[in-house]
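Working notes for the structure below.
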Amino acid sequence: MRAGLIGGKTIEEWTNRVPILKKLIDEREAFWLNPDYGENWNVSVTEKELMEASSRLKRFAPYIAKVFPETRVTAGVIESPLLMISRMKRLLEDRFQQKISGEVWLKCDNELPISGSIKARGGIYEVLKHAESLALQNGMLRMEDDYTVINSDKFKKFFSNYSISVGSTGNLGLSIGIIAAKLGFKVTVHMSANAKAWKKDLLKKLGVGVIEYNSDYSQAVAEGRKQAEQDPFCHFIDDENSRDLFLGYAVAALRLQTQLMALGKMIGKDQPLFVYLPCGVGGGPGGITFGLKSLYKENVHCFFAEPVQSPCMLAAMATGLHENVSVQQFGLDNETAADGLAVGRASGFVSRNMKSLLSGIFTINDESLLQLMKDFWQAEKIFIEASAAAGALGPISLFRTGLGLQYLEEHQLHENMKNAVHVIWATGGGMVPERIKAEYLSG
Ligand SMILES: *Cc1c(COP(=O)(O)O)cnc(C)c1O
(Lines give C-alpha, C1' and ligand atoms only; values in the text may rest on other atoms or scores of the structure.)
Protein backbone atom coordinates (compact mmCIF):
# COMPACT_ATOMS: atom_id res chain seq x y z
CA MET A 1 0.00 0.00 0.00
CA ARG A 2 3.04 2.28 0.08
CA ALA A 3 2.23 3.70 -3.35
CA GLY A 4 -1.09 4.89 -1.94
CA LEU A 5 0.52 7.13 0.65
CA ILE A 6 0.27 10.89 0.21
CA GLY A 7 3.13 12.72 1.89
CA GLY A 8 3.65 9.63 4.05
CA LYS A 9 0.03 9.34 5.19
CA THR A 10 -2.95 7.25 4.14
CA ILE A 11 -6.06 8.94 2.81
CA GLU A 12 -7.83 8.02 6.04
CA GLU A 13 -5.15 9.71 8.13
CA TRP A 14 -5.53 12.79 5.95
CA THR A 15 -9.29 13.01 6.24
CA ASN A 16 -9.08 12.59 10.02
CA ARG A 17 -6.52 15.30 10.29
CA VAL A 18 -8.00 17.70 7.69
CA PRO A 19 -11.75 16.97 7.48
CA ILE A 20 -12.37 19.16 4.41
CA LEU A 21 -10.43 16.61 2.36
CA LYS A 22 -13.40 14.25 2.75
CA LYS A 23 -15.55 16.72 0.79
CA LEU A 24 -12.80 17.13 -1.75
CA ILE A 25 -12.65 13.36 -2.30
CA ASP A 26 -16.44 13.16 -2.60
CA GLU A 27 -16.44 15.95 -5.23
CA ARG A 28 -18.76 18.02 -3.08
CA GLU A 29 -18.67 21.81 -3.06
CA ALA A 30 -16.58 22.99 -0.12
CA PHE A 31 -15.60 26.20 1.63
CA TRP A 32 -12.22 26.27 3.34
CA LEU A 33 -10.79 28.92 5.62
CA ASN A 34 -7.03 29.23 5.64
CA PRO A 35 -5.89 28.63 9.25
CA ASP A 36 -2.64 30.52 8.63
CA TYR A 37 -4.31 33.61 7.19
CA GLY A 38 -3.04 36.84 8.74
CA GLU A 39 -0.05 35.21 10.39
CA ASN A 40 3.30 36.94 9.94
CA TRP A 41 3.68 38.27 6.40
CA ASN A 42 5.88 35.62 4.86
CA VAL A 43 6.18 36.33 1.17
CA SER A 44 9.17 35.83 -1.14
CA VAL A 45 8.17 38.59 -3.56
CA THR A 46 8.61 42.28 -2.73
CA GLU A 47 6.60 45.45 -3.29
CA LYS A 48 9.65 46.91 -5.00
CA GLU A 49 9.42 44.17 -7.62
CA LEU A 50 5.73 44.96 -8.07
CA MET A 51 6.54 48.61 -8.75
CA GLU A 52 9.29 47.61 -11.20
CA ALA A 53 6.82 45.42 -13.08
CA SER A 54 4.40 48.31 -13.29
CA SER A 55 7.14 50.65 -14.61
CA ARG A 56 8.23 48.08 -17.17
CA LEU A 57 4.69 47.86 -18.55
CA LYS A 58 4.64 51.66 -18.76
CA ARG A 59 7.87 51.62 -20.80
CA PHE A 60 6.29 49.18 -23.21
CA ALA A 61 2.94 50.99 -23.46
CA PRO A 62 3.87 53.08 -26.55
CA TYR A 63 4.99 49.90 -28.33
CA ILE A 64 1.82 48.04 -27.34
CA ALA A 65 -0.35 50.94 -28.53
CA LYS A 66 1.45 50.88 -31.85
CA VAL A 67 1.22 47.15 -32.60
CA PHE A 68 -2.17 46.43 -30.99
CA PRO A 69 -4.43 49.28 -32.15
CA GLU A 70 -7.24 48.08 -29.84
CA THR A 71 -5.11 49.33 -26.90
CA ARG A 72 -4.85 52.90 -28.20
CA VAL A 73 -7.83 54.06 -26.14
CA THR A 74 -5.85 53.22 -23.00
CA ALA A 75 -2.53 54.45 -24.46
CA GLY A 76 -1.09 50.94 -24.63
CA VAL A 77 -2.06 49.91 -21.12
CA ILE A 78 -3.67 46.46 -21.23
CA GLU A 79 -6.58 46.93 -18.85
CA SER A 80 -10.22 45.93 -18.38
CA PRO A 81 -13.30 47.67 -17.02
CA LEU A 82 -14.76 47.26 -13.55
CA LEU A 83 -18.54 47.01 -13.83
CA MET A 84 -21.31 47.10 -11.25
CA ILE A 85 -23.49 44.04 -11.86
CA SER A 86 -26.66 44.67 -9.87
CA ARG A 87 -28.84 42.50 -12.14
CA MET A 88 -26.49 39.56 -11.68
CA LYS A 89 -26.47 40.22 -7.94
CA ARG A 90 -30.28 39.98 -7.83
CA LEU A 91 -30.24 36.86 -9.97
CA LEU A 92 -27.75 35.22 -7.59
CA GLU A 93 -29.81 36.24 -4.57
CA ASP A 94 -32.94 34.75 -6.12
CA ARG A 95 -31.33 31.56 -7.33
CA PHE A 96 -29.66 30.78 -4.02
CA GLN A 97 -32.26 32.44 -1.79
CA GLN A 98 -29.42 34.25 -0.09
CA LYS A 99 -29.04 37.96 0.52
CA ILE A 100 -25.66 39.50 -0.35
CA SER A 101 -24.69 42.54 1.75
CA GLY A 102 -22.71 45.14 -0.17
CA GLU A 103 -22.19 45.90 -3.84
CA VAL A 104 -21.21 43.31 -6.42
CA TRP A 105 -18.77 44.29 -9.20
CA LEU A 106 -17.25 42.38 -12.07
CA LYS A 107 -13.60 42.80 -13.05
CA CYS A 108 -13.93 42.17 -16.78
CA ASP A 109 -10.65 40.48 -17.71
CA ASN A 110 -12.72 38.64 -20.30
CA GLU A 111 -12.49 41.98 -22.13
CA LEU A 112 -8.73 42.44 -21.77
CA PRO A 113 -7.31 43.46 -25.13
CA ILE A 114 -4.96 41.24 -27.16
CA SER A 115 -5.98 37.85 -25.78
CA GLY A 116 -9.29 38.17 -23.94
CA SER A 117 -8.22 36.58 -20.66
CA ILE A 118 -6.30 37.22 -17.45
CA LYS A 119 -3.25 35.72 -19.20
CA ALA A 120 -2.90 39.01 -21.10
CA ARG A 121 -1.47 40.28 -17.79
CA GLY A 122 1.15 37.77 -16.65
CA GLY A 123 1.87 36.05 -19.95
CA ILE A 124 2.43 39.21 -21.95
CA TYR A 125 4.44 40.75 -19.13
CA GLU A 126 6.92 37.87 -18.96
CA VAL A 127 7.51 37.91 -22.73
CA LEU A 128 8.04 41.69 -22.70
CA LYS A 129 10.45 41.42 -19.80
CA HIS A 130 12.43 38.73 -21.59
CA ALA A 131 12.51 40.75 -24.82
CA GLU A 132 13.64 43.83 -22.92
CA SER A 133 16.52 42.06 -21.17
CA LEU A 134 17.75 40.51 -24.43
CA ALA A 135 17.65 43.90 -26.17
CA LEU A 136 19.33 45.70 -23.26
CA GLN A 137 22.07 43.07 -22.94
CA ASN A 138 22.83 43.24 -26.64
CA GLY A 139 22.99 47.02 -26.75
CA MET A 140 19.91 47.28 -28.98
CA LEU A 141 17.91 49.36 -26.51
CA ARG A 142 18.26 51.69 -23.54
CA MET A 143 15.63 52.05 -20.86
CA GLU A 144 15.11 55.72 -21.66
CA ASP A 145 14.40 54.99 -25.35
CA ASP A 146 11.01 55.26 -26.97
CA TYR A 147 10.07 51.56 -27.12
CA THR A 148 8.19 51.96 -30.39
CA VAL A 149 11.60 51.32 -32.01
CA ILE A 150 10.97 47.66 -31.20
CA ASN A 151 8.38 47.59 -33.93
CA SER A 152 10.94 47.22 -36.70
CA ASP A 153 12.51 44.58 -38.92
CA LYS A 154 15.79 45.03 -37.11
CA PHE A 155 14.26 43.94 -33.79
CA LYS A 156 12.18 41.17 -35.35
CA LYS A 157 15.28 39.75 -36.96
CA PHE A 158 17.12 39.98 -33.65
CA PHE A 159 14.36 38.22 -31.68
CA SER A 160 14.05 35.53 -34.36
CA ASN A 161 17.36 34.15 -33.08
CA TYR A 162 15.58 33.26 -29.85
CA SER A 163 12.65 31.08 -28.98
CA ILE A 164 10.02 30.97 -26.28
CA SER A 165 8.09 27.95 -25.13
CA VAL A 166 5.29 27.34 -22.66
CA GLY A 167 2.97 24.61 -21.38
CA SER A 168 -0.69 25.56 -21.27
CA THR A 169 -4.33 24.53 -20.95
CA GLY A 170 -5.04 27.12 -23.66
CA ASN A 171 -5.23 30.75 -22.60
CA LEU A 172 -1.61 31.15 -21.52
CA GLY A 173 -0.51 29.66 -24.83
CA LEU A 174 -2.74 32.16 -26.65
CA SER A 175 -1.32 35.18 -24.84
CA ILE A 176 2.30 34.11 -25.14
CA GLY A 177 1.83 33.00 -28.73
CA ILE A 178 0.31 36.29 -29.83
CA ILE A 179 2.82 38.63 -28.19
CA ALA A 180 5.90 36.49 -28.86
CA ALA A 181 4.98 36.08 -32.54
CA LYS A 182 4.40 39.84 -32.79
CA LEU A 183 7.90 40.54 -31.45
CA GLY A 184 9.43 38.02 -33.85
CA PHE A 185 10.32 35.15 -31.50
CA LYS A 186 9.97 31.54 -32.52
CA VAL A 187 7.25 30.11 -30.27
CA THR A 188 6.25 26.61 -29.19
CA VAL A 189 3.18 25.92 -27.07
CA HIS A 190 2.79 22.57 -25.33
CA MET A 191 -0.95 22.02 -24.99
CA SER A 192 -2.69 19.68 -22.56
CA ALA A 193 -5.42 17.31 -23.77
CA ASN A 194 -8.22 19.49 -22.36
CA ALA A 195 -7.14 22.57 -24.35
CA LYS A 196 -9.95 23.59 -26.69
CA ALA A 197 -9.47 22.91 -30.42
CA TRP A 198 -10.24 26.53 -31.39
CA LYS A 199 -7.41 27.77 -29.17
CA LYS A 200 -4.93 25.43 -30.88
CA ASP A 201 -6.20 26.39 -34.35
CA LEU A 202 -5.85 30.08 -33.67
CA LEU A 203 -2.24 29.63 -32.59
CA LYS A 204 -1.37 27.52 -35.60
CA LYS A 205 -2.70 30.30 -37.81
CA LEU A 206 -0.26 32.70 -36.15
CA GLY A 207 2.62 30.42 -37.08
CA VAL A 208 3.07 29.16 -33.53
CA GLY A 209 4.29 25.57 -33.11
CA VAL A 210 1.63 23.65 -31.21
CA ILE A 211 2.54 20.32 -29.63
CA GLU A 212 -0.44 18.38 -28.35
CA TYR A 213 -0.42 15.91 -25.47
CA ASN A 214 -2.86 13.21 -24.51
CA SER A 215 -2.19 13.98 -20.88
CA ASP A 216 -3.06 16.77 -18.50
CA TYR A 217 -1.52 20.15 -17.94
CA SER A 218 1.28 19.10 -15.55
CA GLN A 219 2.63 16.66 -18.14
CA ALA A 220 2.52 19.28 -20.92
CA VAL A 221 4.50 21.64 -18.71
CA ALA A 222 7.05 18.96 -17.77
CA GLU A 223 7.64 18.02 -21.42
CA GLY A 224 7.94 21.65 -22.46
CA ARG A 225 10.42 22.33 -19.68
CA LYS A 226 12.50 19.31 -20.61
CA GLN A 227 12.70 20.26 -24.30
CA ALA A 228 13.53 23.90 -23.53
CA GLU A 229 16.38 22.92 -21.19
CA GLN A 230 18.26 21.47 -24.15
CA ASP A 231 18.25 24.79 -26.01
CA PRO A 232 20.22 27.75 -24.57
CA PHE A 233 18.40 30.19 -26.87
CA CYS A 234 15.00 29.08 -25.60
CA HIS A 235 13.22 30.79 -22.73
CA PHE A 236 10.69 28.52 -21.04
CA ILE A 237 7.78 30.28 -19.40
CA ASP A 238 7.27 28.15 -16.35
CA ASP A 239 3.69 28.60 -15.21
CA GLU A 240 4.42 26.45 -12.14
CA ASN A 241 7.35 28.54 -10.87
CA SER A 242 7.46 31.91 -12.53
CA ARG A 243 8.11 35.05 -10.52
CA ASP A 244 7.65 37.18 -13.62
CA LEU A 245 4.22 35.81 -14.46
CA PHE A 246 3.22 36.35 -10.84
CA LEU A 247 4.41 39.96 -10.89
CA GLY A 248 2.73 40.69 -14.21
CA TYR A 249 -0.57 39.57 -12.70
CA ALA A 250 0.12 41.51 -9.50
CA VAL A 251 0.13 44.83 -11.38
CA ALA A 252 -3.64 44.35 -11.77
CA ALA A 253 -3.96 45.36 -8.11
CA LEU A 254 -2.53 48.84 -8.77
CA ARG A 255 -4.92 49.28 -11.67
CA LEU A 256 -7.92 48.10 -9.63
CA GLN A 257 -6.95 50.54 -6.90
CA THR A 258 -7.06 53.41 -9.41
CA GLN A 259 -10.47 52.26 -10.66
CA LEU A 260 -11.89 51.96 -7.14
CA MET A 261 -10.61 55.42 -6.22
CA ALA A 262 -12.17 56.91 -9.34
CA LEU A 263 -15.49 55.39 -8.21
CA GLY A 264 -15.10 56.96 -4.78
CA LYS A 265 -14.64 53.62 -3.02
CA MET A 266 -12.47 54.20 0.04
CA ILE A 267 -11.32 50.70 0.88
CA GLY A 268 -10.55 50.51 4.58
CA LYS A 269 -12.03 49.32 7.84
CA ASP A 270 -15.45 50.83 7.07
CA GLN A 271 -15.47 49.60 3.51
CA PRO A 272 -13.92 46.15 3.16
CA LEU A 273 -13.00 44.68 -0.21
CA PHE A 274 -13.74 41.03 -1.06
CA VAL A 275 -12.22 39.51 -4.19
CA TYR A 276 -13.12 36.14 -5.70
CA LEU A 277 -10.53 34.70 -8.09
CA PRO A 278 -10.74 31.52 -10.19
CA CYS A 279 -7.60 29.45 -9.63
CA GLY A 280 -5.78 27.04 -11.93
CA VAL A 281 -2.10 26.58 -11.20
CA GLY A 282 -2.27 29.71 -9.04
CA GLY A 283 -0.10 32.39 -10.69
CA GLY A 284 -2.95 34.65 -11.81
CA PRO A 285 -5.02 34.71 -8.64
CA GLY A 286 -1.90 34.48 -6.48
CA GLY A 287 -0.21 37.46 -8.11
CA ILE A 288 -3.35 39.56 -7.82
CA THR A 289 -3.79 38.56 -4.17
CA PHE A 290 -0.19 39.54 -3.44
CA GLY A 291 -0.71 42.92 -5.14
CA LEU A 292 -3.97 43.61 -3.33
CA LYS A 293 -2.63 42.60 0.08
CA SER A 294 0.37 44.90 -0.46
CA LEU A 295 -2.00 47.80 -1.05
CA TYR A 296 -4.91 47.14 1.29
CA LYS A 297 -3.46 44.87 4.00
CA GLU A 298 -6.18 43.48 6.33
CA ASN A 299 -8.95 45.37 4.54
CA VAL A 300 -8.95 43.12 1.51
CA HIS A 301 -10.14 39.53 1.69
CA CYS A 302 -9.15 37.24 -1.17
CA PHE A 303 -10.79 33.90 -1.91
CA PHE A 304 -9.91 31.44 -4.67
CA ALA A 305 -12.48 29.41 -6.63
CA GLU A 306 -11.69 25.93 -7.97
CA PRO A 307 -13.73 23.23 -9.72
CA VAL A 308 -14.63 20.25 -7.52
CA GLN A 309 -12.68 18.01 -9.92
CA SER A 310 -9.52 20.16 -9.83
CA PRO A 311 -9.07 21.66 -6.37
CA CYS A 312 -5.27 21.64 -6.61
CA MET A 313 -4.62 24.75 -4.51
CA LEU A 314 -6.99 23.52 -1.82
CA ALA A 315 -5.15 20.18 -1.74
CA ALA A 316 -1.77 21.96 -1.69
CA MET A 317 -2.63 24.39 1.11
CA ALA A 318 -4.88 22.24 3.30
CA THR A 319 -2.28 19.45 3.42
CA GLY A 320 0.70 21.82 3.48
CA LEU A 321 2.30 19.58 0.84
CA HIS A 322 2.38 22.35 -1.79
CA GLU A 323 3.59 21.00 -5.18
CA ASN A 324 4.07 17.55 -3.67
CA VAL A 325 0.43 16.56 -3.94
CA SER A 326 -1.99 16.22 -6.85
CA VAL A 327 -5.76 15.92 -6.94
CA GLN A 328 -5.34 12.60 -8.76
CA GLN A 329 -3.79 11.17 -5.58
CA PHE A 330 -7.14 11.81 -3.89
CA GLY A 331 -8.94 9.95 -6.68
CA LEU A 332 -10.13 12.99 -8.66
CA ASP A 333 -9.84 12.95 -12.46
CA ASN A 334 -9.17 16.67 -13.14
CA GLU A 335 -11.88 16.64 -15.84
CA THR A 336 -13.93 19.82 -15.79
CA ALA A 337 -15.86 22.12 -18.09
CA ALA A 338 -13.63 24.88 -16.71
CA ASP A 339 -10.69 24.11 -19.00
CA GLY A 340 -8.68 27.10 -17.75
CA LEU A 341 -8.80 25.67 -14.22
CA ALA A 342 -8.11 22.03 -15.14
CA VAL A 343 -4.89 21.77 -13.18
CA GLY A 344 -4.18 18.81 -10.91
CA ARG A 345 -1.07 20.10 -9.19
CA ALA A 346 -0.69 23.65 -7.92
CA SER A 347 2.37 25.88 -8.11
CA GLY A 348 4.33 25.41 -4.88
CA PHE A 349 5.80 28.86 -5.35
CA VAL A 350 2.28 30.32 -5.25
CA SER A 351 0.85 28.11 -2.50
CA ARG A 352 3.74 28.98 -0.18
CA ASN A 353 3.32 32.68 -0.87
CA MET A 354 -0.42 32.45 -0.19
CA LYS A 355 0.09 30.94 3.28
CA SER A 356 -0.40 34.21 5.16
CA LEU A 357 -2.30 36.17 2.48
CA LEU A 358 -5.20 34.05 1.28
CA SER A 359 -8.44 34.06 3.28
CA GLY A 360 -9.84 30.84 1.87
CA ILE A 361 -10.86 28.68 -1.07
CA PHE A 362 -14.26 27.43 -2.23
CA THR A 363 -15.02 24.78 -4.80
CA ILE A 364 -17.81 24.69 -7.36
CA ASN A 365 -19.25 21.89 -9.49
CA ASP A 366 -19.51 21.99 -13.28
CA GLU A 367 -23.29 22.24 -13.25
CA SER A 368 -23.15 25.44 -11.17
CA LEU A 369 -20.32 26.83 -13.29
CA LEU A 370 -22.24 26.40 -16.52
CA GLN A 371 -25.38 27.80 -14.92
CA LEU A 372 -23.54 30.90 -13.69
CA MET A 373 -22.05 31.38 -17.11
CA LYS A 374 -25.56 31.47 -18.58
CA ASP A 375 -26.74 33.71 -15.75
CA PHE A 376 -24.13 36.31 -16.66
CA TRP A 377 -25.39 36.28 -20.20
CA GLN A 378 -29.03 36.45 -19.19
CA ALA A 379 -28.64 39.14 -16.52
CA GLU A 380 -25.88 41.33 -17.94
CA LYS A 381 -25.38 40.25 -21.57
CA ILE A 382 -21.77 39.52 -20.69
CA PHE A 383 -20.18 36.37 -22.10
CA ILE A 384 -17.49 34.76 -19.96
CA GLU A 385 -16.01 31.29 -20.30
CA ALA A 386 -16.87 28.58 -17.79
CA SER A 387 -13.63 28.99 -15.83
CA ALA A 388 -14.32 32.67 -15.44
CA ALA A 389 -17.75 32.12 -13.89
CA ALA A 390 -16.34 30.28 -10.87
CA GLY A 391 -15.80 33.40 -8.77
CA ALA A 392 -19.50 34.28 -8.85
CA LEU A 393 -20.29 31.70 -6.20
CA GLY A 394 -17.99 33.60 -3.81
CA PRO A 395 -20.33 36.15 -2.25
CA ILE A 396 -23.02 33.49 -1.91
CA SER A 397 -20.65 31.03 -0.21
CA LEU A 398 -19.47 33.72 2.18
CA PHE A 399 -22.95 34.44 3.50
CA ARG A 400 -24.52 31.02 3.38
CA THR A 401 -21.83 28.77 4.85
CA GLY A 402 -21.10 28.50 8.56
CA LEU A 403 -17.43 29.06 7.89
CA GLY A 404 -18.10 32.13 5.77
CA LEU A 405 -20.09 33.67 8.61
CA GLN A 406 -17.42 32.60 11.08
CA TYR A 407 -14.86 34.48 8.97
CA LEU A 408 -16.94 37.66 9.09
CA GLU A 409 -17.33 37.25 12.85
CA GLU A 410 -13.65 36.56 13.54
CA HIS A 411 -12.57 39.63 11.61
CA GLN A 412 -15.35 41.81 13.03
CA LEU A 413 -16.72 42.52 9.60
CA HIS A 414 -20.47 42.08 10.12
CA GLU A 415 -21.17 45.68 10.94
CA ASN A 416 -19.57 47.07 7.79
CA MET A 417 -20.71 44.45 5.31
CA LYS A 418 -23.43 46.79 4.04
CA ASN A 419 -20.59 48.94 2.62
CA ALA A 420 -18.59 45.99 1.32
CA VAL A 421 -17.31 45.90 -2.23
CA HIS A 422 -17.37 42.39 -3.71
CA VAL A 423 -15.30 41.94 -6.86
CA ILE A 424 -15.89 38.83 -8.93
CA TRP A 425 -12.89 38.39 -11.21
CA ALA A 426 -14.07 37.32 -14.67
CA THR A 427 -10.91 35.76 -16.04
CA GLY A 428 -11.65 34.95 -19.67
CA GLY A 429 -14.00 34.54 -22.59
CA GLY A 430 -13.08 37.38 -24.92
CA MET A 431 -11.59 35.18 -27.63
CA VAL A 432 -14.26 32.46 -27.68
CA PRO A 433 -15.61 32.20 -31.27
CA GLU A 434 -19.30 33.06 -31.77
CA ARG A 435 -20.10 29.49 -32.83
CA ILE A 436 -18.71 28.07 -29.56
CA LYS A 437 -20.41 30.76 -27.49
CA ALA A 438 -23.76 29.78 -28.98
CA GLU A 439 -23.11 26.14 -28.07
CA TYR A 440 -22.33 27.04 -24.47
CA LEU A 441 -25.35 29.25 -24.05
CA SER A 442 -27.83 26.82 -25.57
CA GLY A 443 -26.33 23.63 -24.06
C1 LIG B 1 -5.44 30.61 -16.43
C2 LIG B 1 -6.82 30.95 -16.08
C3 LIG B 1 -7.21 31.08 -14.74
C4 LIG B 1 -6.33 30.82 -13.55
O5 LIG B 1 -5.02 31.28 -13.59
P6 LIG B 1 -3.85 30.39 -12.98
O7 LIG B 1 -2.67 31.25 -13.06
O8 LIG B 1 -3.74 29.15 -13.82
O9 LIG B 1 -4.26 30.03 -11.59
C10 LIG B 1 -8.51 31.42 -14.50
N11 LIG B 1 -9.39 31.61 -15.50
C12 LIG B 1 -9.04 31.50 -16.79
C13 LIG B 1 -10.06 31.75 -17.85
C14 LIG B 1 -7.75 31.16 -17.12
O15 LIG B 1 -7.42 31.05 -18.41
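For ligands, and for the atoms within them, numbers begin at 1 and follow the listed sequence.
In terms of polar-atom proximity, defined here as any N/O pair under 3.5 Å, Cys279 makes no such contact with ligand 1. Every N/O-N/O distance between Ser387 and ligand 1 stays at or above 3.5 Å.
For ligand 1 and Asn171, the ligand atoms under 4.0 Å from any heavy atom of the residue are 13 (C), 14 (C), 15 (O). Near Pro285, meaning under 4.0 Å from any of its heavy atoms, are these atoms of ligand 1: 5 (O), 6 (P), 7 (O), 9 (O).
At distances below 3.5 Å, at least one donor-acceptor pair connects side-chain atoms of Asp333 with backbone N or O atoms of Glu335. The backbone N or O of Phe349 lies less than 3.5 Å from no partner atom in the side chain of Glu323, so there is not a single donor-acceptor pair. A donor-acceptor pair is defined here as one N or O able to donate and one able to accept, closer than 3.5 Å; no such pair exists between the side chain of Glu126 and the backbone of Gly248.
Atom 12 (C) of ligand 1 has as its closest protein heavy atom Thr427 OG1, 3.4 Å. Considering only non-hydrogen protein atoms, atom 4 (C) of ligand 1 sits nearest to Gly280 N, 3.5 Å. Counting only heavy atoms of the protein, atom 8 (O) of ligand 1 lies nearest to Val281 N, 3.0 Å. Nearest protein heavy-atom contact of atom 1 (C) of ligand 1 is Lys119 NZ, 1.3 Å.
The pair Glu132-Arg56 counts as a salt bridge, with a side-chain nitrogen and a carboxylate oxygen less than 4.0 angstrom apart. Classification of Glu49 and Lys129 as a salt-bridged pair fails, no side-chain N sitting under 4.0 Å from a carboxylate O.
If you look at Asp239 next to ligand 1, there are no close heavy atoms at all, none under 4.0 Å.
When each of Arg255, Gln259, Lys107, Glu111 is paired with Ser80, the side chain to side chain donor-acceptor pair (under 3.5 Å) condition holds for Lys107 and for no other.
At least one side-chain heavy atom of Asp339 sits under 4.5 Å from a side-chain heavy atom of Lys199.
Among Gly282, Ala342, Gly170, Gly284, the residue whose heavy atom lies closest to atom 9 (O) of ligand 1 is Gly282.
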